[in-house]
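The figures here come from the full heavy-atom set of this structure, side chains too, leaving out hydrogens, waters and symmetry mates. Sequential numbering from 1 along the given sequence is applied to the chain's residues.
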Amino acid sequence: MKFLITMFVLVSGAAYSESSSDDDVNAEQPSYEVSVERVQDEVYNPWTRQMDTVELRAFRGEGVDRFIAPEMRVSPGEVLRLGVQNNLPPCEPDEIQRHECFNSTNIHTHGLWVSPGGNSDNVMVSINPGQRFDYEFAIPEDHPAGTFWYHPHMHGATSAQLGSGMAGALIIEGDRIPTRTSPGDVDILFSPGSGQSFAEQVLVFSQIQYGCFDEDRRLKAPRSPDPEARPWEHPAWACDTGDVGQVESWRQFGPTNEFTSGRFLGINGEIQPTLSGIETGRFQRFRMIHAGLRRSVKMSIRRLADGAPDLRGVPAQGHRAWIAEYCIGEPVEQFHFADDGLTREAIRRVDVANMYPGARFDALAYFEQPGSYCMINDQAWRMVPDDHRVLGILEVTGEAAPVADVAGHLLETLTAAAQAKIADGEVRARVVDGLSNGLQLGAFAWHSPVLDEELTGSQNATMSIAQLEDGGAVLSFDGSPYVHGRIDRTLTLGDAEEWEITSDGGSHPFHIHVNPFQIISIRDEDGRDVTVEGSEAFDPDYAGMIGGWRDTVIVKNGHRITMRTRYRRFIGDFVMHCHFASHGDEGMMQGIRMIMPGTGAMPDMAH
């Protein structure tokens, strides 16, 4: 059996194809097919309490009928195959010139530790209208199991496509038992030897940034009658009867529009959905993925009072009062065990899941009482400090199942699973002792700390916004806006380096492809450690980060993030960037080349 792979790679403006064959294809390897199409459907608008008709670029695949990509699952050691067919129409030259056509695309597997070259996680690929591309992501046998995701990463079009809901969950599933020399997958603790496995909810948060346009292609963005009104005091974007909302212009993005448009964060392609399948008396796993544009997620769960009015009967401007009156009681405790898909050294007990764009948050929760629960986004924009929103409603079924201490019940449950699953007495004792001593998960953490003696060098990077006299701005890393294909930084395979990342213009979620990093320290512009709870400088956005591994971190203005990373595997070209998608599109990104030791710097592709 021959397996044909056809690649379309954009090199110096021209597309070409390569073919390769594989005689040893394993038909049991996970394989998915998606097409990229213009899809007309409806999106709920909380401001009008009606459904807006929209026509958006969207992924379509098996089981997908909303503005979200199909969920993909793969195990370590497997090859994930993804066929992408671009069925969008070609762009006209004048549309491209005006930055009003975004019909070429590609795929980035966010957070995966895989090759950035060829037909793997190659963001230099351009799948143009009418073309097909077959991806193959070879997942290493030692890849951590966890919550990852995928989305388009076509430079200049990322915000438009991500802002249309083009993102999906990518789950690495694992059942490896820890040994005396290697870690295991924390998933084994979530399926006890007796009784039911933990239930699971995958929550992909996204912001569909559609707008409606008049006959002159002007965005329908009403203004307040008050001439002194500030941007966030203007009404939400309007769509009149017969309008079709679209994502067609960079004018729909940027800090003001993304915050003040009135577009809500949705879950799994829906605005304020009701999610079911949750039962009392068993732990629930939440895989949370921030696939949104700019607004952060600080999600808490509170009981919804019996007899509360239907949320969809309440206009958006009344949500704050509705939350205050009907979302009652103490928050449901969340047991936070993974950041960006990577298992933590120990479980944290928190009331809020705190995420910025690009990040993931894995947590367990236990519901003692049946009923409805509010999922509240407690995030507050600095100019509207109490502008909280409801993300959705959870429906919990079953009989009342109170426990004296949920944390104690979790410890008992995880300990029983470890005792049932781990045959090696020495390893079992190590895991049980760790759980008993602060719910530690060291036997399931796949990255060890980067020690001082490992370091071979250092890197520095500044995320910058330079304001221009005409009101515009230049976005960059280190003062040089990104040029697609240009290599800005060369790294050497086998090195381990300490990085310092800072921002001199606003807050930005930093993301780097291929290799995750370990957080060493976080200091504000006065040099104070912001991670120490109870200190004057403490910032809860950075709680629990020190020593942890991740691929995305928020860098606030003037803050300095010190992190360490190893370049253990994979050469090739990739990028680092701000994960406010419009910032990356506008130049806050750098091209990186990983080379073999002793080869020296390779020539710049752009020259």
Side-chain angles (χ1 to χ4, degrees), residues 93-102 155-160 162-163 209 211 213-214 216-235 237 247-261 263 293-295 356-357 381-384 460-486 488-489 500-511 524-526 554-561 575-591 604 606-607:
D94 61 324
E95 293 178 315
I96 297 174
Q97 184 69 27
R98 297 195 308 267
H99 300 291
E100 291 185 350
C101 192
F102 310 102
H155 183 58
T158 303
S159 50
L162 196 58
Q209 191 65 9
F213 297 83
D214 63 21
D216 296 319
R217 298 304 298 163
R218 291 177 301 198
L219 188 65
K220 292 185 177 180
R223 300 189 64 81
S224 168
D226 180 0
E228 302 298 321
R230 295 165 293 183
W232 58 93
E233 295 173 333
H234 295 299
W237 289 356
V247 175
E248 300 295 344
S249 170
W250 274 9
R251 290 172 292 162
Q252 294 171 254
F253 301 94
T256 300
N257 283 347
E258 287 173 20
F259 274 119
T260 64
S261 62
R263 301 297 174 244
L293 297 172
R294 191 176 301 263
R295 185 181 290 271
Y356 284 82
W381 192 24
R382 64 184 182 274
M383 294 177 237
V384 189
N460 295 276
T462 299
M463 306 165 88
S464 178
I465 299 179
Q467 300 295 332
L468 301 178
E469 291 183 0
D470 63 2
V474 175
L475 281 69
S476 71
F477 268 91
D478 302 326
S480 181
Y482 177 71
V483 174
H484 187 63
R486 185 186 69 200
D488 302 292
R489 194 179 297 259
E500 185 176 88
I501 310 294
T502 189
S503 166
D504 65 8
S507 298
H508 307 279
F510 170 86
H511 171 57
D524 64 15
E525 57 190 350
D526 296 320
I554 187 68
V555 184
K556 297 191 176 183
N557 188 53
H559 285 45
R560 295 186 179 276
I561 313 287
V575 295
M576 65 184 191
H577 58 92
C578 173
H579 219 288
F580 292 153
S582 58
H583 281 187
D585 279 340
E586 294 181 76
M588 194 175 287
M589 181 152 57
Q590 272 193 355
D604 192 325
H607 300 294

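Counting all heavy atoms, side chain and backbone alike, W237 lies closest to P222 at CA-CD, 4.0 Å. Counting all heavy atoms, side chain and backbone alike, L162 lies closest to A581 at CD2-CB, 4.2 Å. V247 and F253 make their closest contact through CG1-CZ, 3.6 Å (heavy atoms, listed as atom of the first residue, atom of the second, distance). In plain terms, the two heavy atoms of N257 and Q209 that are nearest each other are O-NE2, 3.2 Å. Nearest heavy atom pair, residue G211 against residue R263, reads CA-NH2, 4.3 Å. Of all the heavy atoms in S159 and D585, the pair that sits closest is OG-OD2, 2.6 Å.
Here the CD-SG distance, from E248 to C101, works out to 7.5 Å after rounding to the nearest 0.5 Å. Note that NE2 of H508 and NE2 of H559 are 12.5 Å apart. Values are rounded to the nearest 0.5 Å. Taken to the nearest 0.5 Å, the OG atom of S503 stands 8.5 Å off from the CD1 atom of I554. Taking CD1 of I561 as the start and NZ of K556 as the end, the distance is 9.5 Å to the nearest 0.5 Å. In this structure, NE2 in H579 is found 8.5 Å from OG1 in T158, a value given to the nearest 0.5 Å.
D226 is linked by a salt bridge (Lys or Arg N to Asp or Glu O under 4.0 Å) to nothing, counting only residues two or more places apart in sequence or in another chain. Considering only residues two or more places apart in sequence or on other chains, N460 meets the side chain to side chain contact (heavy atoms under 4.5 Å, CB included) condition with E500. Residues forming a salt bridge (Lys or Arg N to Asp or Glu O under 4.0 Å) with E258 (at least two apart in sequence, or on another chain): R294.
When only modelled atom types and interatomic distance are considered, R217 and S249 share no side-chain donor-acceptor pair under 3.5 Å. No donor-acceptor contact under 3.5 angstrom links the side chains of Q252 and S261, judged on distance only.
At least one side-chain heavy atom of F580 sits under 4.5 Å from a side-chain heavy atom of P357. Within the 4.5 Å cutoff, the side chain of Y356 has no heavy atoms near those of the F510 side chain. Two residues are said to be in side-chain contact when any heavy atoms from C-beta on lie closer than 4.5 Å; P481 and V474 meet this criterion. In this structure the side chain of L475 never reaches within 4.5 angstrom of the side chain of Y482, judged on heavy atoms. Side-chain contact between V575 and H155 is absent, with no heavy atoms from C-beta onward closer than 4.5 Å. Under the 4.5 Å side-chain criterion, counting only non-hydrogen atoms from C-beta, R295 is in contact with F259. Here the side chains of M463 and F477 are in contact, with some heavy-atom distance below 4.5 Å. Annotation: side chain of M588 is not in contact with side chain of H577 (no heavy-atom distance under 4.5 Å).
For D488 (side chain) and Q590 (main-chain N/O), no donor-acceptor pair under 3.5 Å exists by modelled atom type. D216 places no side-chain N or O within 3.5 Å of a backbone atom of R218 that could act as its donor or acceptor partner. Here the side chain of W250 pairs no donor or acceptor atom with the backbone of S582 at under 3.5 angstrom. Of the possible donor and acceptor atoms, one in the side chain of N557 sits under 3.5 Å from a partner among the backbone N and O of G505. Although no hydrogens or angles enter the test, the distance criterion places a donor-acceptor pair under 3.5 Å between the side chain of D478 and the main chain of T462.
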